[in-house]
Amino acid sequence: MIVIWESLGMRVFITGATGFIGTAVARELKENGHTVVGLARTSAKAVALRRQGIEPHQGDLDDLDSLRAAAAGSDGVIHLAFMHGLSSVSWRSRLYILAGGTPDRIVQRFLKVVSDADRRAIDAMSTVLQGSNRPLVATFGTLGLAAAGVMRNVPSVEADGPDPASPGYGRAITETVLERWADSGVRTSIVRLSPTVHGAGDNGLMRQIIQTARKKRMMGYVGDGRNRWPAVHRDDAAKLFRLALEKGTAGARYHGVAEEGVAMSDIAGMIGQRLGLPVKSVTSEGAKKQFGWLGPFMALDNPSSSSWTRAQLGWQPRGPLLLKDLEASDYFRD
């Protein structure tokens with residue numbers, strides 16, 4: 001079956017196809033003979049998809065009927081969309097997040113709302129794929145394997161489960177849901193992405209860290225800065241999603257990791273150098289003041305291996321390394 005799909009091409013439904021990673025995934029699929037259908041929340045998104053040679057499918061993550069229809073008409077699904085901000089949730093959910101309890105629990109309530117929406121979306125698409133062995137590839141983050149205050153002696157591996165002590169654990173429900181559907185004839189797999197998926201046009205965590213440094217007129221790292229984050233270039237991540245779609249095993253976890261761990265002090269040093277700003281150590285409390293909601297993640301030690309992933313799928317990352325990309329790319333343009 002996999003050989004047929006690889007040779008003839010698949011009709012692939014992608015949620016999040018207009019995003020930083022989704023755009024690269026769609027391009028990777030098209031270059032390898034697949035037809036891409038992308039979820040479009042608005043008419044403007046539909047126009048953008050058509051310009052990329054992608055067939056738009058109107059709907060959003062809350063429109064479960066639309067998700068089921070698109071998945072039913074596909075040979076496979078790559079699920080990348082996620083509600084990253086308050087503007088993407090309903091007004092009822094927004095009210096619950098902002099006023100449904102104490103202010104210090106707003107982040108936790110937000111994570112619950114968006115994680116529940118993600119679960120419902122996966123369930124909707126998997127329902128029409130069950131029993132078919134068609135693939136559904138979704139994503140989580142390697143930061144969900146790291147707990148505050150823990151320095152790892154060895155990198156995390158694909159067999160490791162999410163750590164309940166991680167500040168990102170709320171989204172771990174995605175893995176649980178996918179594993180359940182793998183037992184129902186859906187070839188589900190998950191790509192755990194590095195927190196730094198970098199490249200031209202990046203609007204993720206690295207961009208936010210740089211913007212915060214500009215605003216605060218200082219680049220900070222927590223403690224001695226020896227904690228590490230893995231990294232991967234977005235083109236390499238896109239190739240991994242394609243390989244997981246074509247060759248992935250039901251229930252498998254794959255690591256989108258090109259560099260096992262880059263010290264946060266080195267990342268901070270490069271950002272400070274490029275911005276001409278001082279680089280200073282901050283406490284955990286200072287990180288919350290400096291980086292806001294991102295503060296607890298800045299202290300995590302998250303070295304991660306992708307050896308098993310590379311052996312299983314033949315994935316070989318070739319993109320530039322993180323510090324080289326920071327040095328040479330457009331990250332520091334105003």
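- Hydrophobic clustering (ILVMFWY, side-chain heavy atoms < 4.5 Å, transitive): Leu294 and Leu145 are in distinct clusters.
- To the nearest 0.5 Å, atom CE of residue Met10 and atom CG of residue Leu29 are 8.5 Å apart.
- Counting heavy atoms from C-beta outward, Leu49 and Thr18 have side chains that approach closer than 4.5 Å.
- Scanning all heavy atoms of the two residues, the minimum distance from Leu178 to Ser189 falls at CD1-O, 3.9 Å.
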_Between Arg318 and Asp235, does the salt bridge (Lys or Arg N to Asp or Glu O under 4.0 Å) criterion hold? Intermediate values first, please._
CA-CA 9 Å; Arg318 293 187 171 86; Asp235 290 343; over 6 Å; no

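- Note that CG of Asn302 and OG of Ser156 are 5.5 Å apart. Values are rounded to the nearest 0.5 Å.
- Residues Ser66 and His57 are in side-chain contact: their nearest non-hydrogen atoms beyond the backbone lie under 4.5 Å apart.
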*Apply side-chain contact (heavy atoms from CB on, under 4.5 Å) to the pair Val12 and Thr35, showing each step before the final yes or no.*
CA-CA 6 Å; Val12 184; Thr35 299; over 6 Å; no

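- Counting only distance, with no hydrogens or angles, the side chain of Asp325 and the backbone of Gly199 share a donor-acceptor pair below 3.5 Å.
- Ion pairing between a basic and an acidic side chain is recognised when a charged N comes within 4.0 Å of a carboxylate O; Arg192 and Glu158 show no such pairing.
- The OG atom of Ser304 sits 8.0 Å away from the CD atom of Glu260 when rounded to the nearest 0.5 Å.
- Here Asp123 does not pair with Arg120 in a salt bridge; the nearest charged N to carboxylate O distance is not below 4.0 Å.
- Looking at heavy atoms from C-beta onward, Thr188 lies out of side-chain contact with Glu179 at the 4.5 angstrom threshold.
- Using a distance-only test at 3.5 Å, with no hydrogens or angles considered, a donor-acceptor pair links the side chain of Thr42 to the main chain of Lys45.
- Remark: Glu285 does not engage Lys289 in a salt bridge, criterion side-chain N to carboxylate O under 4.0 Å.
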*Just do the side-chain contact (heavy atoms from CB on, under 4.5 Å) check on Arg214 and Leu275 with the steps written out, would you?*
CA-CA 7 Å; Arg214 275 199 174 106; Leu275 293 177; 3.7 Å; yes

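- Closest heavy-atom contact between Asp62 and Asp60: N-OD1, 2.9 Å.
- Salt-bridge check for Arg253 with Glu175: passed, with a basic side-chain N closer than 4.0 Å to an acidic carboxylate O.
- Nearest heavy atom pair, residue Leu61 against residue Leu64, reads O-CD2, 3.6 Å.
- Checking side-chain atoms of Glu259 against main-chain N and O of Leu322 turns up a donor-acceptor pair under 3.5 Å.
- Using a 4.5 Å cut-off between side-chain heavy atoms of Ile, Leu, Val, Met, Phe, Trp and Tyr, with links allowed through other members, Ile271 and Leu300 fall into the same hydrophobic cluster.
- Between atom CZ of residue Phe332 and atom CE of residue Met270 there is a gap of 7.5 Å, rounded to the nearest 0.5 Å.
- Considering Met218, Met219, Gln290 as possible partners of Lys280, the one that fulfils the side chain to side chain contact (heavy atoms under 4.5 Å, CB included) test is Met218.
- Between the Arg119 side chain and the Ile173 main chain, no donor and acceptor come within less than 3.5 Å of each other.
- Residues Met264 and Met298 approach most closely at CE-CE, 3.4 Å, considering heavy atoms.
- Once rounded to the nearest 0.5 Å, the distance linking CZ of Arg226 with OH of Tyr221 reads 11.5 Å.
- Using a 4.5 Å cut-off on side-chain heavy atoms (C-beta onward), His255 and Leu240 make no contact.
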*Tell me, with the steps shown, if Leu136 and Met125 meet side-chain contact (heavy atoms from CB on, under 4.5 Å).*
CA-CA 8 Å; Leu136 188 156; Met125 293 184 286; 4.0 Å; yes

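- A salt bridge between Arg152 and Asp160 is present, with a side-chain N of the basic residue lying under 4.0 Å from a carboxylate O of the acidic one.
- Looking only at atom types and distance, the side chain of His34 has no donor-acceptor partner in the side chain of Glu28 under 3.5 Å away.
- Of all heavy-atom pairs between Trp229 and Leu143, the closest is NE1-CD2, 3.8 Å.
- Taking the six-membered ring where the residue is Trp, His198 and His233 present perpendicular rings, their angle passing 60° and hence far from 30°.
- Between Pro195 and Thr142 the shortest heavy-atom distance is CD-OG1, 3.4 Å.
- Listed for the Ser166 side chain is a donor-acceptor partner under 3.5 Å among the backbone atoms of Ala146.
- Counting heavy atoms from C-beta on, the side chains of Thr127 and Trp181 come closer than 4.5 Å.
- Within the 4.5 Å cutoff, the side chain of Arg134 has no heavy atoms near those of the Val186 side chain.
- A continuous path of Ile, Leu, Val, Met, Phe, Trp and Tyr side chains, each step under 4.5 Å between heavy atoms, connects Val77 with Ile190, placing both in one hydrophobic cluster.
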*Walk me through it: do Thr196 and Val232 pass the test side-chain contact (heavy atoms from CB on, under 4.5 Å)?*
CA-CA 6 Å; Thr196 49; Val232 65; over 6 Å; no

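- Between the side chains of Tyr169 and Asp163, not a single donor N or O lies within less than 3.5 Å of an accepting N or O.
- Going from atom OG of Ser284 over to atom NZ of Lys288 covers 7.5 Å, rounded to the nearest 0.5 Å.
- Side chain of Thr309 to main chain of Tyr254: no donor-acceptor pair is present (N/O by atom type, distance under 3.5 Å, no hydrogens or angles).
- Using a 4.0 Å cut-off between charged side-chain N and carboxylate O, Glu31 and Lys239 make no salt bridge.
- By the rule that hydrophobic residues join a cluster once side-chain heavy atoms approach within less than 4.5 Å of another member, Leu245 and Trp308 end up as members of one cluster.
- Test Asp118, Thr139, Ile14, Val137 against His79 for side chain to side chain contact (heavy atoms under 4.5 Å, CB included) and you get one pass: Asp118.
- Note on Asp75 versus Arg11: no salt bridge recorded, every NZ/NE/NH1/NH2 to OD/OE distance being 4.0 Å or above.
- One hydrophobic cluster, built from ILVMFWY side chains closer than 4.5 Å, holds both Ile210 and Trp293.
- A donor-acceptor pair under 3.5 Å links the side-chain atoms of Arg207 to the main chain of Asp202, judged by distance alone.
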